[in-house]
Protein chains: 2
Amino acid sequence: MAIAPTEVAAAREAWPLVMRLVFANKASFVSAMAEFDLTPVQAHVLRILEPGRSLTMNDLAEELRCDASNVTGLVDRLEHRRLVERRPGNRDRRVKELSLTRAGATLRRRVLARMSEPPPELVRLSVRDQRQLRDILRRALES
Amino acid sequence: MAIAPTEVAAAREAWPLVMRLVFANKASFVSAMAEFDLTPVQAHVLRILEPGRSLTMNDLAEELRCDASNVTGLVDRLEHRRLVERRPGNRDRRVKELSLTRAGATLRRRVLARMSEPPPELVRLSVRDQRQLRDILRRALES
DNA sequence: TATTGTTATACTCTATAACTATA
DNA sequence: TATAGTTATAGAGTATAACAATA
């Protein structure tokens with residue numbers, strides 16, 4: 001059965017609101033991460049790099065949705081601060097395995113806690129709305 | 001009455017989901033805007049600069065939440081493409097009034113239409129969920 | 001030959017500080 | 001003196017292309 005054009009009408013109205021919400025809080029996110037001496041992208045790297053997990057440089061580029069050449073400098077800066085470390089791959093010596101240091105894991109916890117802090121627009125919603133929003137987003141992102 | 005800590009628990013769960021949704025679609029947004037030869041920030045300028053409205057350079061910096069020194073180059077590039085134009089302020093000759101050209105207004109319509117196109121995560125929601133999401137976000141952003 | 005990561009290069013965005021021309 | 005906008009400068013993120021080491 002073909003999907004009628006009206007099926008996405010509400011999504012088309014909702015999506016710009018999502019972007020407005022995020023954009024309105026962008027500056028606050030940037031300055032919150034700056035308190036950890038992190039740029040937004042560096043913060044995302046910490047988020048992606050779960051403790052115990054290890055990623056190759058290519059994996060990270062893919063998760064960040066950017067060209068692989070960028071992660072060299074990005075990881076350089078984090079490694080220089082001893083937040084992450086490169087280790088040579090066991091099987092394939094071309095590969096670098098990237099992982100968090102102890103200090104990186106500690107900072108990651110603080111960063112994630114700060115990233116989860118909801119903006120005033122969500123805080124002032126009723127608890128009922130907050131829960132519905134959470135549930136709808138879970139359904140959207142699942143699978 | 002003090003707000004109990006549990007009041008924001010659901011918002012704290014919802015907010016990272018919002019960011020995940022946006023982050024997952026960032027690359028798609030960047031390449032969509034690139035088809036118009038626009039960077040994301042340039043696209044935001046077009047969105048902010050409604051036809052008929054005019055803004056000073058300082059106003060634009062404020063709306064973009066960036067330092068005023070940045071908008072000089074940003075507007076230079078858009079003006080060079082004849083999408084926006086600077087006109088001297090009437091009363092105060094220090095001020096530049098910024099507005100869309102005809103070409104800018106035309107491109108703006110296409111850009112806004114593209115920006116409103118919802119990502120697959122929202123499209124596959126039920127119509128009921130789409131509407132609730134829209135309504136909750138409207139309540140969050142109102143006032 | 002193909003792949004992983006790096007380097008070289010160029011452009012945009014960003015902030016800070018100093019400057020200009022008005023007010 | 002104060003303000004609007006610009007310029008100078010520096011650093012970070014981004015892409016493309018070329019490269020070395022390894023497979």
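So you know, we letter chains A, B, ... as the sequences are listed, proteins then strands, and number each from 1.
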| message | Quick check on DNA chain C: between D92(A) and K26(A), whose nearest nucleotide comes earlier from the 5' end? | response | D92(A)
| said: Using side-chain heavy atoms (C-beta onward) and a distance below 4.5 Å, is S99(A) in contact with L49(A)? | reply: no
| remark: Whole-Å distance, R91(B) CZ to dT22(C) P, equals 18 Å
| message | Tell me whether R82(A) at atom CZ has more than 12 heavy atoms from other residues, nucleotides or ligands lying less than 6.0 Å away. | response | no
| Pairwise 5' ranking along DNA chain D for L64(A) and R94(A), keeping only the more 5' one | L64(A)
| field | Heavy-atom side-chain proximity of V45(B) to V75(B) below 4.5 angstrom | value | no
| query | What are the 5'-most and 3'-most nucleotides of DNA chain D lying under 4.0 Å from any heavy atom of chain B? | reply | dA2(D) to dT14(D)
| Does a nitrogen or oxygen in the side chain of R93(A) sit under 4.0 Å from OP1 or OP2 of dG5(C)? | no
| message | Checking F23(B) now: which residues fulfil ring pair (Phe, Tyr, Trp, His ring centres under 6.0 Å) with it, not counting sequence neighbours? | response | H44(A)
| message | So L112(B) and R47(B), do their side chains get closer than 4.5 Å, heavy atoms only? | response | yes
| Partners meeting salt bridge (Lys or Arg N to Asp or Glu O under 4.0 Å) with R65(B) (sequence neighbours left out) | none
| Can you list, by residue number, the residues of residues 67-76 of chain A that have a non-hydrogen atom closer than 4.0 angstrom to DNA chain C? | A68(A), S69(A), T72(A)
| query | Can you list the stems that include DNA chain C, where a stem is three or more consecutive Watson-Crick or G-U pairs with distances under 3.5 Å? | reply | C:1-23 with D:1-23
| field | DNA chain C contacts made by residues 40-61 of chain A, counting heavy atoms under 4.0 Å | value | T56(A), M57(A), N58(A)
